[in-house]
Amino acid sequence: MRTGLSWDPDFIGCDAGTTDFGPYYLGSGESNFSVNALKRDIRLILLGARSRRIPAIIGSAGTAGADVHLERIVSLVFAIARDEGLHFRLAVIHSEQDKDYLVQKLHENRIKPLRNAPLLTEEVIHRSTHIVGMAGAEPFQEALDNGAEVIVAGRSSDTSIFAALPLQQGLPPAVVWQAAKILECGAACVRQRKYPDCLFVKMDPKGFSVEPPNPEYSCSPVSVASHNLYENANPYLLVEPSGILDTSGCRYEAINSRAVRVTGGRFTPAATYTIKLEGAELAGYQSIIIGGIRDSMILRQLDSWLNGMETALKDRFEAVFGPEISDRYTLYFRVYGRDGVMGRLEPQHHIGHEVGLVIEITADDQATASALAKSAGHLAVHYPIPEWNGLITSIAFPYSPSELERGPVYRFNMNHVVEPHTPGEMFKIEYFNV
Amino acid sequence: MPTLGDLAKLIRSKNAGPFELTFDIMFEDKENYERVKQSGRLSRELLAGLYGISVGDISLIEYDAANAIKVTIPRPCISGDIGDGDVFGGQQYGPLVEIEIP
């Protein structure tokens with residue numbers, strides 16, 4: 001980062017969030033990284049940016065970018081500023097969405113599903129624990145216009161964080177959005193990334209050059225072009241709130257052994273400005289049991305044995321908790337060594353000399369999930385096969401107690417875009433003199 | 001006969017958002033990339049059979065700039081939902097590695 005700063009940057013950007021880690025973070029409001037790790041990175045960014053009097057722009061704060069995540073990061077920013085004696089104008093951009101606003105947009109038919117989207121109804125909006133919109137470049141530009149020197153934003157489009165300031169300086173959108181896509185994962189576009197690090201891009205009206213400041217890293221035309229593939233359904237098309245970047249005509253040329261120049265992207269402004277939504281809702285409370293099976297006699301009839309066990313467990317649950325329990329839980333067997341990794345997508349059907357079994361019970365409260373898991377564990381561990389006469393112990397539990405409480409579990413419930421009247425209306429901005 | 005795993009420098013899978021899975025099959029040079037492309041072996045029909053999904057759900061894109069082939073399919077289970085076994089979608093490329101390329 002010190003090397004990058006010596007190359008005279010106009011700003012430092014940081015994409016701090018993702019849905020990679022699953023629905024738990026948006027659902028619960030927790031962050032994926034520890035406060036220690038967050039503080040270490042934010043301190044470096046703030047010290048670097050303030051030393052050169054350039055903006056620091058952090059988007060998708062705290063993993064999922066809802067208000068609770070944003071507050072966590074903003075309080076760290078204040079704490080670091082106090083410790084280091086830093087003074088700056090801070091803008092905080094909120095991405096958490098007002099449910100009444102979304103319900104109104106839904107009724108106005110201004111929320112549209114993307115591919116493979118679940119059904120979105122008023123009930124889904126109301127039962128979500130958090131819903132965020134992915135900010136485009138405009139809220140960042142508004143904050144910069146109002147003198148922000150440090151911006152911390154909730155959920156943002158990965159690229160908007162890096163596109164806002166260069167667009168404001170008048171650089172062509174085709175150059176800026178392509179450069180921003182290459183920047184959004186830092187050193188991910190180098191030949192061989194050993195650990196996460198930063199990346200430096202220089203934009204001009206014709207194109208941009210990309211070079212990793214870390215002397216151990218280098219970029220090649222292929223390594224840079226390859227980054228268009230990453231986490232993106234189509235490497236040629238990048239959909240942004242304000243338009244679509246088409247990289248099919250891009251040229252990637254080596255400047256030297258470690259820097260690459262990119263030209264030739266095209267940007268088509270969207271007819272309708274759209275903001276992508278992310279939502280999560282509580283799916284229940286979970287308890288799980290982890291075990292292993294080694295007996296070849298059981299393994300050769302594994303599917304029928306598990307089917308029989310499932311029926312026996314359901315009968316036992318009703319016997320213990322009453323018939324009304326059947327609507328209050330789900331039971332799922334995950335079998336490692338059979339299809340534990342791929343589930344329905346798994347083409348192979350043979351199993352090896354042992355399998356791992358995870359019994360998952362999800363109920364509408366933790367006490368029920370755990371009570372069911374206790375019953376399940378006791379019944380499952382002695383579940384018989386016809387070949388052995390007498391009581392068997394058929395599952396190896398690695399832990400005592402064998403049941404583990406997983407707490408609340410969540411589900412992503414939206415893959416939609418909103419058509420706001422203005423790019424800024426979904427993103428409230430607060431300013432502080434730190 | 002070499003496998004796709006023998007010819008590629010990297011085969012990987014990952015979420016493209018929580019509702020889609022995307023696969024990157026990347027080659028060191030044009031030679032292996034073109035060989036796989038020309039073989040016609042890596043088709044949407046083959047992938048549909050391998051993953052037990054319909055041909056219409058599969059997007060397959062040849063990306064010459066990076067000597068790469070990209071495949072995207074809907075997730076059978078939303079990332080991290082009950083029943084999902086791979087939150088990042090990172091281990092769904094397994095069956096691709098063993099595809100034989102004539």
Side-chain angles (χ1 to χ4, degrees), chain A residues 18-27 114-118 221-237 247-252 262 276 278 280 283-284 286 330 332 334-336 339-348 358 360 362 409-415, chain B residues 9-10 12-30 33 46-47 49-53 57 59-96 98-99:
Chain A
T18 178
T19 54
D20 274 359
F21 306 120
Y24 178 75
Y25 302 94
L26 181 59
L114 299 172
R115 271 209 312 182
N116 209 22
V222 167
S223 80
V224 173
S226 297
H227 191 65
N228 287 331
L229 293 161
Y230 195 63
E231 311 176 309
N232 192 8
N234 185 329
Y236 293 121
L237 297 176
T247 68
S248 57
C250 272
R251 288 166 53 91
Y252 304 86
V262 184
K276 189 166 182 263
E278 290 170 353
Q286 204 168 68
T330 57
Y332 183 78
R334 185 185 305 285
V335 182
Y336 285 105
D339 58 359
V341 173
M342 293 188 62
R344 269 182 283 163
L345 296 179
E346 178 57 68
Q348 293 202 35
V358 182
E360 300 175 3
T362 314
V409 293
Y410 296 87
R411 170 184 299 131
F412 283 123
N413 60 6
M414 279 172 215
N415 192 28
Chain B
K9 74 167 179 185
L10 174 63
R12 67 186 179 190
S13 62
K14 178 95 198 285
N15 297 339
F19 297 88
E20 287 187 306
L21 275 174
T22 194
F23 302 79
D24 300 336
I25 303 140
M26 302 158 81
F27 302 89
E28 187 63 49
D29 50 38
K30 282 269 173 272
Y33 171 58
L46 175 89
L47 295 165
L50 208 49
Y51 284 91
I53 56 179
D57 279 341
S59 142
L60 190 153
I61 296 169
E62 290 164 348
Y63 184 47
D64 293 351
N67 301 328
I69 298 169
K70 184 159 199 59
V71 175
T72 304
I73 65 172
R75 264 180 158 277
C77 212
I78 304 167
S79 165
D81 198 1
I82 293 166
D84 181 38
D86 189 355
V87 170
F88 282 61
Q91 278 295 307
Q92 302 302 304
Y93 62 88
L96 300 180
E98 304 303 326
I99 295 173

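So you know, we letter chains A, B, ... as the sequences are listed, proteins then strands, and number each from 1.
Neither the backbone nor the side chain of A:Gln348 comes within less than 4.5 Å of any heavy atom of chain B. Neither the backbone nor the side chain of A:Thr18 has a heavy atom closer than 4.5 Å to any heavy atom of chain B. Contacts of B:Ala68 with chain A are made by side-chain atoms alone, with heavy-atom separations under 4.5 Å and no backbone atom involved. For B:Glu98, no part sits under 4.5 Å from any heavy atom of chain A, backbone or side chain. Contact annotation for B:Ile78: only side-chain heavy atoms (C-beta onward) come within less than 4.5 Å of a heavy atom of chain A. Contact annotation for A:Phe21: both backbone and side-chain heavy atoms come within less than 4.5 Å of a heavy atom of chain B. Of the atoms belonging to A:Asn234, heavy atoms from both backbone and side chain fall under 4.5 Å from chain B. With a threshold of 4.5 angstrom between heavy atoms, B:Ile73 approaches chain A through side-chain atoms but not through N, CA, C or O.
Between A:Glu346 atom CD and B:Leu50 atom CG the span is 9.0 Å, to the nearest 0.5 Å. Once rounded to the nearest 0.5 Å, the distance linking CD1 of B:Ile99 with CG of B:Leu47 reads 6.0 Å.
Taking A:Ser226, A:Ser223, A:Ala233, A:Pro23 one by one and counting their heavy-atom pairs under 4.5 Å with chain B, the maximum is reached by A:Ala233. Of the listed residues B:Gly52, B:Gly17, B:Pro76, the one with more heavy-atom pairs under 4.5 angstrom with chain A than any other is B:Pro76. Contact tally against chain B (heavy-atom pairs below 4.5 Å) for A:Thr247, A:Val224, A:Val222, A:Leu229: the top residue is A:Leu229. The most heavy-atom pairs under 4.5 Å with chain A, out of B:Val71, B:Ile61, B:Asn67, come from B:Ile61. If you tally non-hydrogen atom pairs under 4.5 Å between each of A:Pro347, A:Gly22, A:Ser248 and chain B, the highest count goes to A:Pro347. In terms of heavy-atom pairs under 4.5 Å with chain A, the best-connected choice from B:Ala66, B:Gly90, B:Gly80 is B:Ala66.
Panel note: side chain B:Ser13, backbone B:Gly89; a donor-acceptor pair is recorded below 3.5 Å. For the pair A:Arg334 (side chain) and A:Val341 (backbone), a donor-acceptor distance under 3.5 Å is absent.
In this structure the side chain of B:Asp81 never reaches within 4.5 angstrom of the side chain of A:Phe412, judged on heavy atoms. Under the 4.5 Å side-chain criterion, counting only non-hydrogen atoms from C-beta, A:Lys276 is in contact with A:Asn415.
Smallest separation of non-hydrogen atoms from A:Asn413 and A:Ala280: OD1-N, 3.5 Å.
B:Arg75 and B:Asp84 are joined by a salt bridge, as a carboxylate oxygen and a charged side-chain nitrogen come within less than 4.0 angstrom of each other. In summary, A:Asp20 and B:Lys14 engage in a salt bridge, as defined by a charged side-chain N under 4.0 Å from a carboxylate O.
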